Amino acid sequence: MPSIKQFQVTFDCAEPERLARFWCEVLGYVVPSPPAGFATWDDYRLSQAPEDRGSWFACGDPSGVGPRLYFQRVPEGKVVKNRVHLDVRVGTGLVGEERLAVLEAECARLVPLGAVRVELLYDGHDSCIVMRDIEGNEFCID
């Protein structure tokens, strides 16, 4: 059986472009060029039917290594805890106070972007910080 080489992560959300741009800031991702034949994303949106404008947006890892993130507008709001979430890996290989300091610094960077700190999980050795993005989706700084 062949292995899958690429995948994307899809977010259901209320404001696709706003959430995509938040995650670009979190992960260092970029917004791709607009579709062929359009000079800007605004030009592309204006070509769509009014009800379809802003219904999706995407961003990707500029190195091409990480998965594409796709954001699609849905009518319902978020009502329960995520069953799957992203772990933003900033403390890999670190332990104890050194790890905690790196995680706290990343948390301090993300809160002004609109992220919400939920909870610190720390046992004196390992740690992570549970966060929410601008639409309430849980993620961890790990």
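Remember, it's a predicted structure, so these values are computed and weren't measured experimentally.
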Examine [X] and [Y] and state if one hydrophobic cluster contains both, with Ile, Leu, Val, Met, Phe, Trp and Tyr joined whenever side-chain heavy atoms are less than 4.5 Å apart.
X      : Y      : result
Phe7   : Val88  : yes
Leu113 : Ile129 : yes
Val90  : Val95  : no

- Message: Enumerate the ring pair (Phe, Tyr, Trp, His ring centres under 6.0 Å) contacts for residues 114-142, please, sequence neighbours excluded, ordered by first and then second residue.
- Response: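 Applying ring pair (Phe, Tyr, Trp, His ring centres under 6.0 Å) to every pair that reaches into residues 114-142, excluding sequence neighbours, yields Trp23-Phe139.
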Heavy atoms only: give me the nearest [X]-[Y] pair and the separation to one decimal.
X     : Y     : value
Cys59 : Phe71 : SG-CE1, 3.9 Å
Asp43 : Ala39 : OD2-CB, 3.5 Å
Ala58 : Pro32 : O-CD, 3.4 Å
Gly28 : Pro62 : O-CD, 3.4 Å
Leu19 : Cys13 : CD2-CB, 3.6 Å
Pro16 : Ala14 : CD-O, 3.5 Å

ILVMFWY cluster membership beyond [X] - transitive side-chain contacts under 4.5 angstrom:
X      : value
Val74  : none
Val130 : Val118, Leu121
Leu46  : none

- When you check the gap from the basic side-chain N to the acidic O, do Arg109 and Glu104 get nearer than 4.0 Å? no
Does any non-hydrogen side-chain atom of [Y] lie less than 4.5 Å from one of [X]?
X      : Y      : result
Thr10  : Gln72  : yes
Phe57  : Arg21  : yes
Phe11  : Asn137 : yes
Val31  : Glu17  : no
Pro67  : Tyr29  : yes
Pro35  : Trp41  : yes
Val116 : Val111 : no

- Keeping the roles fixed (side chain from Arg53, backbone from Gln48), state whether a donor-acceptor pair exists under 3.5 Å.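 Such a contact is found between Arg53 side chain and Gln48 backbone.
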- Task: Give a yes or no answer on whether the side chain of Asn82 reaches the backbone of His85 with a donor-acceptor pair at less than 3.5 Å.
- Result: no
- Task: If the plane angle is over 60° it's perpendicular, under 30° parallel, otherwise tilted; pick one for Trp56 and Tyr44.
- Result: perpendicular
- Query: Quick check: are there more than 12 heavy atoms from other residues, nucleotides or ligands sitting under 6.0 Å from CZ of Arg68?
  - Reply: yes
- Polar side chain donor-acceptor pair, Ser63 to Asp61, under 3.5 angstrom: yes
- Message: My understanding is that only residues two or more places apart in sequence, or in another chain, count here; which of them pass salt bridge (Lys or Arg N to Asp or Glu O under 4.0 Å) with Arg73?
- Response: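 Once residues adjacent in sequence are excluded, Arg73 has no partner under the salt bridge (Lys or Arg N to Asp or Glu O under 4.0 Å) criterion.
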- Item | Worked verdict on Glu138 versus Lys78 for salt bridge (Lys or Arg N to Asp or Glu O under 4.0 Å) | CA-CA 11 Å; Glu138 296 87 8; Lys78 183 179 177 314; 3.2 Å; yes
- Item | side-chain contact (heavy atoms from CB on, under 4.5 Å) partners for Arg99, two or more places apart | Leu94, Leu103, Asp126, Ser127, Asp142
